Student: 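Here it is: the structure, laid out below.
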Amino acid sequence: MNKKPSKSLARELDRYISPFRHDGSGKFHLKDHKTDERGDLDKEKAQAVLDSNKKRMIEFQERLYAQDRWSLLIVFQAMDAGGKDSAIKAIFEGINPQGCEVHAFKAPSSKELDHDFLWRHMIALPERGRIGIFNRSHYEECLVTRVHPEILAKEKLPPKLVTKNIWRERFEDISAFERYLCRNGTVVLKFFLNVSKDEQRERFLARLDDPAKQWKFSMDDIRERALWPRYQAVYQDIVRHTATSHAPWYVVPADHKWFARVVIGSVINAELEKLDLRFPRADKASLEEFKQVRKALEKEGTGGKKQAK
C-alpha cells in the first residue's frame, strides 16, 4: 500500500462520506435524510468499492496495531433490523481478531447498575493499536432509557438528581467523554443506520419466513416498533446534541445494506488514512543485533546443508 493514497482516492471516498456527516454545525432534521439513498452505485459497482475498502482496511489495521499509538472506537446505533450485525460481519471480514473486538451491550446487569451509566462502556474501550466496535453503545442510556423511563428507575440514582434536565446533562457528559477520548488518541466514529419503517417491516417478515433467522425475532421487536415516532424523535435529539467536530455522527442510509456498507467502510478508511500510520522503525542498536542474528542464521543454514551431504 502506498504511504500516501492518491488524491483521487480521497475524492472518491468523500462522495460516500460528506453527504451523511453531521458535525453539529447547522440544523439537523432526521426527516431530511433519505433512507434509500444509493449514490451513483448499483450493487455490482458497490461490490468493487466494498472489496477495495476491505483490502485497504486490512492494511491500515496492521499498521495501526504495529504503531500502537492510536485506537479506533466505532459506535453503531440503529432501530431493530437496521443492519448493524450484518454490517459489522461484512465490513470487518478479514481483520486480524487480535486487534479488533466487538461489544454488544444488552440490558445492564445488577453489577453494572451499581455504577454510573458510562462505566461499562469505559471498561470496554479499545487499547492503543486496537479497533473497538460497540454494537449499541452508551447512547442507549439516553435512547431506550428515555423512551422507557421505568428503566431509569432501576439505575439507583438519588431521586433529587433525576430532573427534567437529566437528558441534556447526559448529552453533556457523553460529549465530554468523547472529547476526552479524542484528546487521548482514540478516534471516535459514530454511525446511525437510518432504516425506514417499511424496510424494517420487510426485514421482520423475512426473519419470520426463514427458519435460519427466526431466532433473531422477538415480540419485543414489535412492541418497540409501535414506538417508532418516539424513537425517531429521540434519535434526532441525540444527533443534534452530541454531534461535534471531533466526534461527528454519520447518518447512514440503511434501506440498501450494500450502500450502508460502502458509506461505513469509506468513513473508516478515510479516518485511518488521516492518522499517517507507519510501521515502527528499528533503532541502530536493534539493526546491529539483526545483523548478528542474520549471520548466525545463515551460518546455521550452511551447516545444515553440509550435514545433509
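Here, residue 1 is the first one in the sequence, and each next residue gets the next number. The structure presented is a predicted model; accordingly, all values stated were derived computationally and were not measured.
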Student: Side chains of Arg240 and His22, heavy atoms from C-beta outward: is any pair under 4.5 Å?
Tutor: no

Student: Would you check if the distance from the ring center of Phe134 to the ring center of Phe76 is below 6.0 Å?
Tutor: no

Student: Does Arg21 come within less than 4.0 Å of Asp23, counting only side-chain N to carboxylate O?
Tutor: yes

Student: Check for me whether the distance between the ring centres of Tyr250 and Phe192 falls short of 6.0 Å.
Tutor: no

Student: With a 4.0 Å cut-off on N to O distance, would you call Asp51 and Lys54 a salt bridge?
Tutor: no

Student: Say you draw a straight line from CD of Glu289 to CZ of Arg294; how long is it, rounded to the nearest 0.5 Å?
Tutor: 14.5 Å

Student: Is the closest basic N to carboxylate O distance between Arg146 and Asp237 below 4.0 Å?
Tutor: yes

Student: For Pro248 versus His246, what's the shortest heavy-atom pair and its separation?
Tutor: CD-C, 3.7 Å

Student: Do Ile131 and Ile133 touch side chain to side chain, with heavy atoms closer than 4.5 Å?
Tutor: yes

Student: Just verifying a value: how many Å separate Lys257 NZ and Leu193 CG, rounded to the nearest 0.5 Å?
Tutor: 10.0 Å

Student: Flag the pair Lys274 and Glu271 as a salt bridge only when some basic side-chain nitrogen lies within less than 4.0 angstrom of an acidic carboxylate oxygen.
Tutor: yes

Student: Evaluate the criterion side-chain contact (heavy atoms from CB on, under 4.5 Å) for residue pair Gln61 and Phe92; output intermediate values, then yes/no.
Tutor: CA-CA 10 Å; Gln61 189 231 2; Phe92 295 94; over 6 Å; no

Student: Is there a donor-acceptor pair closer than 3.5 Å between any side-chain N or O of Asp68 and the backbone N or O of Tyr65?
Tutor: no

Student: Where do Glu150 and Lys154 land on the salt bridge (Lys or Arg N to Asp or Glu O under 4.0 Å) test, with the steps shown first?
Tutor: CA-CA 7 Å; Glu150 65 274 14; Lys154 298 178 182 179; over 6 Å; no

Student: How close do Leu50 and Val262 get, heavy atom to heavy atom, and via which atoms?
Tutor: CD2-N, 3.6 Å

Student: For a 4.5 angstrom cut-off between non-hydrogen side-chain atoms, does Gln77 reach Ser137?
Tutor: yes

Student: With no hydrogens and no angle check, is any side-chain donor or acceptor of Asn184 less than 3.5 Å from a backbone partner on Tyr180?
Tutor: yes

Student: I'd like to know if Asp114 and Lys156 make a salt bridge, using a cut-off of under 4.0 Å between side-chain N and carboxylate O.
Tutor: yes

Student: Charged N to carboxylate O below 4.0 Å: is that the case for Glu59 and Lys55?
Tutor: no

Student: Could you tell me whether the side chain of Trp215 and the main chain of Ala212 form a donor-acceptor pair under 3.5 Å?
Tutor: yes

Student: Measuring from atom CD of Glu141 to atom CD1 of Ile174, what distance do you get when rounded to the nearest 0.5 angstrom?
Tutor: 8.0 Å

Student: Is there a continuous path of hydrophobic side-chain contacts, each under 4.5 Å between heavy atoms, that joins Leu118 to Val75?
Tutor: yes

Student: Shortest non-hydrogen contact from Met79 to Val195?
Tutor: CB-CG1, 4.4 Å

Student: Treat each ILVMFWY residue as a node, draw an edge where side-chain heavy atoms are under 4.5 Å apart, and state whether Phe177 and Phe191 are in one component.
Tutor: no

Student: Report whether Trp119 and Leu73 are members of the same hydrophobic cluster (ILVMFWY, side-chain heavy atoms less than 4.5 Å apart, transitive linking).
Tutor: no

Student: Apply the side-chain hydrogen bond (donor to acceptor under 3.5 Å, both in side chains) test between His138 and each candidate in Arg170, Glu178, Arg120; give the one that qualifies.
Tutor: Glu178

Student: Inspect the surroundings of CD in Glu155 and state if more than 12 heavy atoms from other residues, nucleotides or ligands are less than 6.0 Å away.
Tutor: yes

Student: Under a 4.5 Å side-chain heavy-atom rule over Ile, Leu, Val, Met, Phe, Trp and Tyr, are Trp228 and Phe204 clustered together?
Tutor: no

Student: Side-chain contact test, heavy atoms from C-beta onward, threshold under 4.5 Å: evaluate it for His103 versus Asn135 and give yes or no.
Tutor: no

Student: Hey, does Ser86 have a side-chain heavy atom less than 4.5 Å from the side chain of Arg261?
Tutor: yes

Student: Between Asp276 and Arg278, does any NZ, NE, NH1 or NH2 come within less than 4.0 Å of an OD or OE carboxylate oxygen?
Tutor: yes

Student: Do the side chain of Ser52 and the main chain of Ala48 share a donor and acceptor less than 3.5 angstrom apart?
Tutor: no

Student: Where is the tightest heavy-atom contact between Val188 and Cys182, given as atom of each residue plus distance?
Tutor: CG2-SG, 4.0 Å

Student: Is a side-chain N or O of Gln236 found less than 3.5 angstrom from the main chain of Leu30, in a donor-acceptor match?
Tutor: yes

Student: State, yes or no, whether a side-chain contact exists between Arg225 and Asp80 at a heavy-atom distance under 4.5 Å.
Tutor: no

Student: Using the rule that two of Ile, Leu, Val, Met, Phe, Trp, Tyr join whenever any of their side-chain heavy atoms come within less than 4.5 Å, decide whether Ile151 and Val147 are in one cluster.
Tutor: yes

Student: Any donor-acceptor pair under 3.5 Å linking the side-chain atoms of Thr242 with those of Ser175?
Tutor: no

Student: Evaluate side-chain contact (heavy atoms from CB on, under 4.5 Å) for Leu181 paired with Val187, printing each intermediate quantity in order.
Tutor: CA-CA 7 Å; Leu181 294 179; Val187 177; over 6 Å; no

Student: Distance-only, no hydrogens or angles: does the Tyr231 side chain make a donor-acceptor pair with backbone N or O of Leu143 under 3.5 Å?
Tutor: no

Student: Do other residues, nucleotides or ligands put more than 12 heavy atoms under 6.0 Å from the CD atom of Gln214?
Tutor: yes

Student: Angle between ring planes, Phe20 versus Phe259, binned at 30° and 60°: parallel, tilted or perpendicular?
Tutor: perpendicular

Student: Could you tell me whether Arg230 atom CZ has more than 12 heavy atoms of other residues or ligands within 6.0 Å of it?
Tutor: yes

Student: Do the ring centers of Phe28 and His33 come within less than 6.0 Å of each other?
Tutor: yes

Student: For Ser196 and Asp255, work out which heavy atoms get closest and say how close.
Tutor: N-OD1, 2.9 Å

Student: If we only count heavy atoms from C-beta on, is the Gln232 to Val234 side-chain gap below 4.5 Å?
Tutor: no

Student: Tell me if the aromatic rings of Trp70 and Phe60 count as close, with their centers under 6.0 Å from one another.
Tutor: no

Student: Should Leu272 and Leu72 be marked as a side-chain contact (heavy atoms from CB on, under 4.5 Å) after you check the CA-CA gap, both sets of side-chain angles, and the distance that decides it?
Tutor: CA-CA 9 Å; Leu272 287 171; Leu72 192 64; 4.0 Å; yes

Student: Please round to the nearest 0.5 Å and tell me the distance separating atom NZ of Lys216 and atom CG of Asp85.
Tutor: 6.0 Å

Student: Does any N or O in the side chain of Glu37 come within less than 3.5 Å of the main-chain N or O of Gly39, such that one atom is a donor and the other an acceptor?
Tutor: yes

Student: Could you give the distance from CD1 (Ile74) to CD1 (Ile268), rounded to the nearest 0.5 Å?
Tutor: 3.5 Å

Student: If you look at every heavy atom in Ala260 and Ala254, which pair is closest and at what distance?
Tutor: CB-CA, 4.2 Å

Student: Would a 4.5 Å heavy-atom cut-off, applied to side chains only, mark Pro253 and Thr35 as touching?
Tutor: no

Student: With a 4.0 Å cut-off on N to O distance, would you call Arg168 and Glu172 a salt bridge?
Tutor: yes

Student: Using a cut-off of 6.0 Å, state whether more than 12 heavy atoms not belonging to Phe279 lie near its atom CZ.
Tutor: yes

Student: Take a 6.0 Å sphere around NZ of Lys45 and say whether it holds more than 12 heavy atoms from other residues, nucleotides or ligands.
Tutor: no

Student: Where the side chain of Asn269 meets the backbone of Gly265, is there a donor-acceptor pair that is under 3.5 Å apart?
Tutor: yes

Student: Nearest 0.5 Å, what's the CD-CG distance between Gln47 and Asp42?
Tutor: 11.0 Å

